[in-house]
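Position 1 is the first residue of the sequence, and the numbers go up from there.
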Amino acid sequence: MESVYHHMLQELDRGGQVVLARVARQHGSAPRSVGAWCLVSSDGGLHGSVGGGLLEAQVADRARLMLDTGSTELISFSLRDGDAAQSGMVCGGDVDVLLERICAESGGREAIARAAEFQEQGRTGVQFSLVPDPQSEETGSGQGLLDDSGKCSGHLPVPEELRSSFSSLTEPGLVRTQSGDLYFIDPVRPQSSLVIFGGGHISLPLARMASEVHFRITVVDDREAFANRERFPAAQRVIRTPFAEALDRLQIHENTYLAIVTRGHLFDREVLRRALETPAAYVGMIGSRRKIRTLFESLEEEGFSSERLDAVHTPIGLDIGAKTPEEIALSIVAELVQVRAERQRHASR
């Protein structure tokens, strides 16, 4: 759910309604895990993925039918034996997909907006949706957000069981309360953000590729021709400021990733020196090993520990033999994804 809340707000503000589909439960092997999502916008467009193939086509078709008249449905799909052969997806499992129609005028938008704010601010929460019981005449549904201060947003009251077990709700899935109500819960984690220092030839593909794997992008450069939204359409924020002042204007938290790819050694040093004082999840810097060694020696003389300097990813990116700007950007994004995945594995233990 790294970027779905922002997608949803854009679509709600533009078209008034969306249908959100999420993998709510799986048995056996399935193409995507619980929590995977796709979003059908008011014009029928599809964003995200719940697994591809015929499964996704069926989910999307059902979601489009729900745009005008639907509410919330939990639908089962079989990917086993004969059904799997017919679908072309020989996964050998079963998947339940939750589809929810969300309208701009409903209280669901409030919960979505709060979730998006939390991701940007580095806060945590739990988004929860009521799953209607097909065996009951009660057809109520809705969405809510329980935040890390115990407050609830949206038009759906928070069940006391969810409130009392907030800290243990770290993975998406279905939860049945003692009253018999079924909820799908989805933890809201801070969205990973990437700050790119330097607006040059490597930064162009880096911003685009990193955005496609759900990093929120900020680009910093001190030149007007290199720091503008036309040059970086994938960026949520473009800042034109001297590099030495950039970090004073940014909110760096434990889900912030910093890529230092400026046009000169002195600028790299300025940014790195300040970056070492932040709680950023990742600090990477471009440069030759000789340049890096010289720079690190000077920073050690200023009092930075060798352990802190050793944590810097430099030369930046995975070693894939990259030569072109696009290949270098690809190696950087691969390293960002690797670091993010390892952090998420560690957090879920």
Side-chain angles (χ1 to χ4, degrees), residues 1 3-27 30-80 82-89 91 93-113 115-116 127-145 154-156 172-174 181-186:
M1 298 292 283
S3 67
V4 68
Y5 300 118
H6 299 280
H7 275 303
M8 290 176 70
L9 286 176
Q10 291 172 2
E11 294 296 335
L12 287 171
D13 293 339
R14 183 177 67 180
Q17 60 182 348
V18 296
V19 174
L20 173 63
R22 288 178 286 185
V23 176
R25 180 164 49 199
Q26 68 177 76
H27 302 284
R32 295 295 304 275
S33 59
V34 172
W37 61 271
C38 69
L39 190 69
V40 175
S41 58
S42 56
D43 61 3
L46 183 69
H47 309 274
S49 175
V50 292
L54 186 58
L55 166 65
E56 191 157 293
Q58 291 175 338
V59 168
D61 287 344
R62 183 60 188 167
R64 293 184 181 106
L65 290 174
M66 293 175 60
L67 276 170
D68 294 321
T69 59
S71 178
T72 300
E73 296 181 359
L74 185 64
I75 303 177
S76 297
F77 298 89
S78 176
L79 305 176
R80 297 175 184 271
D83 293 328
Q86 291 177 14
S87 71
M89 301 180 70
C91 296
D94 300 317
V95 175
D96 293 345
V97 179
L98 181 68
L99 293 95
E100 300 172 86
R101 177 172 172 259
I102 302 172
C103 302
E105 65 271 14
S106 73
R109 189 196 184 285
E110 178 190 353
I112 299 304
Q127 189 271 333
F128 57 97
S129 301
L130 177 62
V131 181
D133 184 352
Q135 306 301 320
S136 171
E137 295 182 0
E138 297 289 336
T139 58
S141 61
Q143 303 82 30
L145 176 72
H155 63 276
L156 186 65
L174 293 169
D181 292 327
L182 184 64
Y183 291 86
F184 180 78
I185 63 102
D186 209 347

Q: Could you tell me which non-hydrogen atom of Ala36 sits nearest to which non-hydrogen atom of Val50, and how far apart they are?
A: O-CG1, 3.8 Å

Q: Evaluate side chain to side chain contact (heavy atoms under 4.5 Å, CB included) for Arg101 paired with Ser71, printing each intermediate quantity in order.
A: CA-CA 5 Å; Arg101 177 172 172 259; Ser71 178; 5.8 Å; no

Q.
Return the CE to CG distance between Met8 and Asp13, rounded to the nearest 0.5 Å.
A. 11.5 Å

Q) For Val40, does its backbone N or O pair with a side-chain atom of Arg64 as donor and acceptor, under 3.5 Å? A) no

**Q.** Separation between OG1 of Thr72 and CZ of Phe184, rounded to the nearest 0.5 Å
**A.** 12.5 Å

(Q) Would you compute the distance between atom CD of Gln127 and atom CG of Leu20 and round it to the nearest 0.5 angstrom? (A) 7.5 Å

Q: For Leu55 and Phe77, work out which heavy atoms get closest and say how close.
A: CD1-CG, 3.5 Å

Q: Using modelled atom types only, decide if a donor and an acceptor are shared between the side chain of Gln26 and the backbone of Val95 within a distance under 3.5 Å.
A: no

Q: Could you tell me how the ring of Trp37 sits relative to the ring of His7: parallel (under 30°), tilted (30 to 60°) or perpendicular (over 60°)?
A: tilted

Q.
Quick check for you: to the nearest 0.5 Å, what is the distance between Tyr5 atom OH and Ile112 atom CD1?
A. 6.0 Å

(Q) Could you report the tightest heavy-atom contact between Leu74 and Ala24, atom names first, then the distance? (A) CD1-CB, 3.9 Å

Q) Atom CZ in Arg22, atom CG in Leu39: separation rounded to 0.5 Å? A) 10.5 Å

(Q) On a heavy-atom basis, which atom in Ser41 and which in Val18 lie closest, and how many Å separate them? (A) CA-CG1, 4.3 Å

Q: For Leu67 and Gly44, work out which heavy atoms get closest and say how close.
A: CD1-N, 4.4 Å

(Q) Working to the nearest 0.5 angstrom, can you tell me the gap between Asp43 CG and Glu11 CD? (A) 6.5 Å

Q: Determine the minimum heavy-atom distance between Ser49 and Gly51, stating which atoms define it.
A: OG-N, 3.1 Å

